[in-house]
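Take a look at the structure set out below.
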Amino acid sequence: MPRTTTAQVTYGSLTVVLTTVVLLIATDARSGAAVAGLAAGGLLAGLLVAVALAPRGRRLASAPAAGPAASPDRAPRVSVPRARVAATAEPRVSEHSLRR
């Protein structure tokens, strides 16, 4: 199960507090049931904000990707021409070293 991030906790808590205060001021609720309902609405809004900030890269895939190219064992091999390797390696040989 993925862990909550600092951003999720911060923005979710801030949303709960601000939403609840704004709803209480806007509706002028005086009964306990109304205040509890508005507080529940604030909690729901904070939960929605925290879920919206969930990192997308940590979700588990429901099924493995199909096809042989998706497998890490069958990654395409890239060959570099020998002339290109020698051309890039040559200038480094003639460079001066900082250590003597």
Side-chain angles (χ1 to χ4, degrees):
M1 183 169 181
R3 296 182 181 180
T4 57
T5 63
T6 306
Q8 285 178 293
V9 173
T10 303
Y11 288 125
S13 301
L14 189 63
T15 302
V16 169
V17 171
L18 290 179
T19 304
T20 305
V21 168
V22 168
L23 287 174
L24 287 172
I25 292 172
T27 59
D28 196 32
R30 299 199 185 273
S31 69
V35 171
L38 293 176
L43 285 172
L44 181 63
L47 178 66
L48 291 174
V49 168
V51 168
L53 291 175
R56 306 237 185 257
R58 292 186 179 179
R59 291 187 182 171
L60 297 176
S62 59
S71 172
D73 296 335
R74 298 192 180 226
R77 298 185 77 188
V78 178
S79 62
V80 179
R82 197 71 158 148
R84 200 178 271 183
V85 172
T88 59
E90 189 64 34
R92 292 196 52 95
V93 173
S94 63
E95 290 180 5
H96 293 288
S97 174
L98 295 176
R99 297 181 190 165
R100 291 210 172 222

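Predicted model only: the values in this text are computed from it and were never measured.
The two atoms that bring L38 and L23 nearest to each other are CD1-O, 3.7 Å, heavy atoms only. Q8 approaches P55 most closely through the heavy-atom pair OE1-CD, 4.3 Å.
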- Task: Start with the C-alpha gap between L53 and T5, add the side-chain angles, then the distance that decides, and say whether side-chain contact (heavy atoms from CB on, under 4.5 Å) holds.
- Result: CA-CA 9 Å; L53 291 175; T5 63; 5.7 Å; no
Compile the donor-acceptor pairs under 3.5 Å between side chains in residues 11-18 and protein atoms, sequence neighbours left out, one pair per line.
| unit_1 | atom_1 | unit_2 | atom_2 | d |
| --- | --- | --- | --- | --- |
| S13 | OG | V9 | O | 2.8 |
| T15 | OG1 | Y11 | O | 2.6 |

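Counting only residues at least two apart or on different chains, the salt bridge (charged side-chain N to carboxylate O under 4.0 Å, His left out) pairs with a member in residues 25-40 are D28-R30.
In this structure, T20 OG1 and I25 CD1 are separated by 11.0 Å, a value rounded to the nearest 0.5 Å.
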